[in-house]
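Contents: one structure, followed by commentary.
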Amino acid sequence: MDFLKGLNPQQKEAVAHVEGPLLLLAGAGSGKTRVITHRIAHIISEHHVPGPCVLAVTFTNKAAGEMRERVQRLLGDPSTMHSPVVSTFHSFCVRLLRRDGKALADVRHGFTPRFNIYDNDDQIGIVKSIYRQLGLDEKTFMQYRAALSRISHAKNKDEGPEDMHKAGTDPITSRLAVTFERYEAALRQANALDFDDLLLQSVRLLRHDGETRSKYNRQFEFLMIDEYQDTNRTQYQLMRLLSEARPNVCVVGDEDQSIYGWRGADIRNILDFERDYPNAKVIRLEQNYRSTKNILDAASAVVANNKQRKGKWLWTEHGAGDAIRVYEAMDGENEALFIADTIERSLRQEPKDRVAVLYRTNFQSRQIEEALRRSNRKYLVVGGFSYYQRAEVKDILAYVKALLNPDDSIGLLRIVNIPARGIGKTTIEQVERFAADNAVSAWAAMGQMIEERLLSGRAELALSTFHRMMEELREGIQERPLPAILRAILDRTGYQRVLENDNTPEAESRLGNVQELVNAAADAAERGETVADFLDHAALVADADGLDEQAQVSLLTMHNAKGLEFPVVFIAGMEEGLFPHSRSHNSESELEEERRLCYVAMTRAEKKLHMSWARYRRRYPGAAAEKSIPSRFLAEVPNQLVQRGGAKAAAPQVDLFAERHEVRESAKKNLYTGKTYNSVDNIKQYFSERGVPAPRGIAAPQPVPPPARPAGKPKAPFGPGASIRHPRYGQGIVLRREGEGDEAKLTVQFAGHGLKKLIQKYAGIKVEE
DNA sequence: TGATTGTTTGCTCCA
DNA sequence: CAAACAATCA
């Protein structure tokens, strides 16, 4: 098949550029996913590169799944030898560390590949407890989140607490440095990694362990990185380490869509690419296939106000299309009603259109949901309060983690008194102090304190009962199937009983969630996932993974909308302070990032783009409504592209304002028809969607299906697809054969040993039937 | 120790 | 109007 067909000249050039570094500057809607998938298919099919030798990194698990599927459809062959490894940076790193991380223990004391992953809440928990130890107060010193963000930035720059100590001796910096130091110590003590660590420790591992580094270098001949503008420094180093042997790196990005500076994304990654790979080919994709000319021009005009920008202007062959509609609402409620109402009208005209409502902050979805429910419109909220953050789900998973990794003190203390079993604040504090004084984990501290009878009678009884229960649950945990483990936890801890005895609707819903978790675990077990796999998936789910293309109306943040497209797009809350957000008002560069976010949001639209703002907005129900100023970005949209409506417009409009009372009442009557991502019905789906099979090649050993033989080629004795036997590695499948005769170099996939490259005549291999 | 009640705060984006 | 926290009482 010709993978160049139907592409424009620049796209063709990018697909056909196989060897050597490639920087692809792909504007919004310029067909970059098409280029990436075609390029992968081209490399695998035309250059006979085994799929597992191609590594593609995307931003979300969802995008990874789609890319895998699209490549498969192009090649029409689902076998291993034609499946590239597609993954996010984070899940790639988790697999790297779990599979080959043992050597990291040399440089990170106490590390084992059975580490736990700490999420945001866990991190805050640690910082809270450090503040308590140091006598710091969130209000007078620094917010937990702010401290964590400083720590995270330092880690992304590969700086430790020592560097922070050196940076300043003022009380704030030095206290922060101490917090940082203890934070790192807590993670190491618990054998836990935070999200930054997943990347950082992977880099450390690859630097330290030459064998692993060369193993991965041998395997991955071609590397592709999507959304390159949003990678941070650690990810850059990872890329360098993985492509040390061959500079076959293709990165795809758009400086105008860089929206993760606050998470450490570094523009230098694009600039340095050309410096570090001087012979890099640079290709620009500037034809937009997605939006009407009006939408494209409006978005381009907005982002043109940024100074830190190389500058480019996308073009399209599409017609002008509808004007950009700007709506001025009386207040937030009126804005929501306008959106719901316009969606109805729009869908009556075009019933097949998909609609997205985009906003800057999650809390904005509330009012819009309410309005949509009222008009009986089904919708899907992506992200927000996602279901795995629910207390009951986290509790149960925390039990599993505590059983697998008893030294994870934060996790253990989370569940030590859930459900209530008489281990109160005082006892927990004693355990924490003992653990800190003796430099042991909380679990070890408990054991010792019981043995040495250091506790009051009541506390000792409660604690030793808990201790014994955990030990019993831990017995044989490696061998037992996941659903059985969960059920044992629910049963033995009394978690289920407590919920059952509580006859509130709240408890009932929790019970339902817990039940679904068990079902999801059963499904995962059937797919062959281990307990650790299941936990990893739960830890690495992204909000954006929850998107459902079938949903007619989706509500999501602008950040989550990255990479997506919709015929009809609403951007709500176009107000100063909300968007651009007040927290980004202090620096020009943060403001420019907000503007890029606006560009990203606008360019999601294919046909219709609505932007709205409210003259008065209250931050939460009951608060005073504050007068707002329209976002500066609205003023940056050229007037001739805009059609205005709303409070000040001359055009007659529905008096939505008067309906407000009625709306509030009907919404109260629970006219709930919307399917939200958090609802109990979706939990099963949620987890089954997480069941992304581990990318082949790095995954745990698995049987390799015999790949189809390339049609029309004579069957070589050790040609692609042949099953062979190696004296050391056992049975394997030949993926590629380079060279002639018995000097040929074979790339072979062995079950349990991964990919190996062998010279035929030295390897002592036999054909197997 | 833990459940209940009262008080205060609320503020980004995310793997 | 929540959630998070503090204070109070059983």
Side-chain angles (χ1 to χ4, degrees), chain A residues 57-64 87-94 117-121 123-124 128 138-139 143-146 148-149 152 156 193-199 227 230-232 234-235 258-265 358-364 366-367 370 382-386 388-389 391 417-429 456 458-459 461-463 502 536-546 556-562 573 577-585 590 593-594 596-598 600-601 617-624 626 664 668:
Chain A
V57 182
T58 62
F59 214 70
T60 62
N61 292 303
K62 175 119 191 139
S87 177
T88 63
F89 267 113
H90 287 86
S91 45
F92 177 85
C93 287
V94 168
I117 301 169
Y118 274 4
D119 67 14
N120 235 296
D121 290 348
Q123 291 178 296
I124 288 180
K128 260 187 198 166
E138 198 191 8
K139 279 169 208 115
Q143 293 207 323
Y144 302 134
R145 274 167 203 286
L148 277 167
S149 142
S152 168
N156 282 329
L193 302 181
D194 62 19
F195 285 117
D196 295 322
D197 277 330
L198 295 179
L199 306 169
E227 306 287 5
D230 285 324
T231 54
N232 64 27
T234 322
Q235 288 163 329
S258 167
I259 54 175
Y260 282 103
W262 53 274
R263 214 172 69 183
L358 309 182
Y359 35 78
R360 176 67 229 268
T361 60
N362 276 305
F363 86 91
Q364 290 170 262
R366 253 200 154 87
Q367 276 186 321
E370 202 170 286
V382 179
F385 190 65
S386 77
Y388 101 103
Q389 292 175 349
N417 199 34
I418 295 177
R421 51 171 72 91
I423 303 172
K425 216 163 54 181
T426 340
T427 313
I428 292 175
E429 263 167 27
S456 72
R458 202 159 54 152
L461 181 66
L463 210 56
D502 184 352
D536 284 349
H537 285 155
L540 295 179
V541 220
D543 283 344
D545 293 343
L556 59 163
T557 62
M558 302 183 203
H559 281 91
N560 271 331
K562 181 163 90 155
L578 196 50
F579 187 44
H581 197 273
S582 52
R583 297 220 169 176
S584 56
H585 273 52
E590 281 176 284
E593 181 155 305
E594 297 282 297
R596 290 192 292 271
L597 186 58
C598 187
V600 168
R617 189 177 294 276
R618 54 185 92 228
R619 259 178 278 169
Y620 41 92
E626 285 166 47
R664 204 178 284 132
K668 271 186 201 154

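Keep in mind the model is a prediction, meaning the values are calculated, not measured. Numbers restart at 1 for each chain; the letters A, B, ... are given by sequence-line order, proteins then strands.
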Item checked: Set of side-chain contact (heavy atoms from CB on, under 4.5 Å) partners for A/A265, sequence neighbours left out -> A/D230, A/Y260

Notebook entry, point to check: Taking the nucleotide of DNA chain B with the closest heavy atom to each, which residue, A/G424 or A/E590, is nearer the 5' end?
Noted result: A/G424

Margin query: Would you say A/N560 places a side-chain N or O within less than 4.0 Å of OP1 or OP2 belonging to B/dC13?
Written below: no

Item checked: Contact nearer the 5' end of DNA chain B, comparing A/F195 with A/R458 -> A/R458

Next item on the list: May I have the distance from A/R145 (atom CZ) to B/dT12 (atom C1'), rounded to whole angstrom?
Entry: 10 Å

Notebook entry, point to check: Is the distance from OP1 or OP2 of B/dG2 to the nearest side-chain N or O of A/N417 less than 4.0 Å?
Noted result: yes

Note to self: Once side-chain contact (heavy atoms from CB on, under 4.5 Å) is applied, do any residues pair with A/T361, and if so which ones, sequence neighbours excluded?
What the structure shows: A/F363, A/Q364, A/L578, A/H581

Notebook entry, point to check: side chain to side chain contact (heavy atoms under 4.5 Å, CB included) between A/H90 and A/L199: does it pass, once the steps are laid out?
Noted result: CA-CA 7 Å; A/H90 287 86; A/L199 306 169; 3.9 Å; yes

Notebook entry, point to check: Contact class for A/F579 (heavy atom, under 4.0 Å): base, sugar-phosphate, or nothing?
Noted result: nothing

Notebook entry, point to check: With sequence neighbours left out, what residues match A/R619 under salt bridge (Lys or Arg N to Asp or Glu O under 4.0 Å)?
Noted result: A/E626

Item checked: C1' spacing across the pair C/dA2 / B/dC11, given as an integer number of angstrom -> 15 Å

Checklist line | Any residue meeting side-chain contact (heavy atoms from CB on, under 4.5 Å) with A/I428, in chain and number order, not counting sequence neighbours | finding: A/L413, A/V416, A/I423, A/E432

Next item on the list: Looking at every strand, decide which applies to A/T427 at a 4.0 Å heavy-atom threshold: base, sugar-phosphate, or nothing.
Entry: sugar-phosphate

Check: Of all residues at least two apart in sequence or in a different chain, which pass the salt bridge (Lys or Arg N to Asp or Glu O under 4.0 Å) check with A/R617?
Finding: A/E335, A/E575

Notebook entry, point to check: In whole angstrom, what separates A/F92's CZ from B/dA15's C1'?
Noted result: 16 Å

Check: Between A/D196 (CG) and B/dC14 (P), how many Å, whole number?
Finding: 16 Å

Next item on the list: Check side-chain contact (heavy atoms from CB on, under 4.5 Å) between A/E590 and all other residues, then give those that pass, not counting sequence neighbours.
Entry: A/S584, A/N586, A/S587

Checklist line | Between P of B/dG2 and CD1 of A/I418, the distance in whole Å | finding: 11 Å

Notebook entry, point to check: Just to confirm, is there a sub-4.0 Å distance from OP1 or OP2 of B/dC14 to any side-chain nitrogen or oxygen of A/N362?
Noted result: yes

Next item on the list: State whether A/K128 places a side-chain N or O below 4.0 Å from either non-bridging phosphate oxygen (OP1 or OP2) of C/dC5.
Entry: yes

Checklist line | Nearest-neighbour nucleotide for the A/W262 side chain, B/dC14, C/dA2, B/dA3 considered | finding: B/dC14

Listing time: all N or O pairs from protein to nucleotides 6-10 of chain C that are below 3.5 Å?
none

Next item on the list: Please lay out, stage by stage, how A/H559 and A/V600 fare under the test side chain to side chain contact (heavy atoms under 4.5 Å, CB included).
Entry: CA-CA 8 Å; A/H559 281 91; A/V600 168; over 6 Å; no

Note to self: Just the rounded figure in Å: distance from P of C/dA2 to CD of A/E370.
What the structure shows: 10 Å

Atom pairs, protein N/O to nucleotides 8-11 of chain B N/O, distance under 3.5 Å:
from   : atom 1 : to     : atom 2 : distance (Å)
B/dG10 : N7     : A/Y620 : OH     : 2.8
B/dG10 : O6     : A/Y620 : OH     : 3.4
B/dC11 : N3     : A/R619 : NH1    : 3.3
B/dC11 : N4     : A/R619 : NH1    : 2.2

Notebook entry, point to check: For A/R618 and C/dC1, what is the distance between atoms CZ and P respectively, to the nearest whole Å?
Noted result: 11 Å

Item checked: Non-neighbouring partners of A/R421 that pass side-chain hydrogen bond (donor to acceptor under 3.5 Å, both in side chains), sequence neighbours left out -> A/Y399

Check: Expressed in angstrom and rounded to an integer, what is the separation of A/E227 atom CD from B/dA15 atom P?
Finding: 12 Å

Margin query: For a quick check of understanding: with a heavy-atom distance under 4.0 Å over all strands, which category does A/L597 fall into, base, sugar-phosphate or nothing?
Written below: nothing

Next item on the list: Begin from the C-alpha positions of A/N362 and A/T557 and carry the test side chain to side chain contact (heavy atoms under 4.5 Å, CB included) through to its verdict.
Entry: CA-CA 6 Å; A/N362 276 305; A/T557 62; 3.4 Å; yes

Item checked: P-based separation of C/dC5 from B/dT12 [nearest Å] -> 16 Å

Checklist line | Length of the CD-P vector between A/Q235 and B/dC14, whole Å | finding: 16 Å

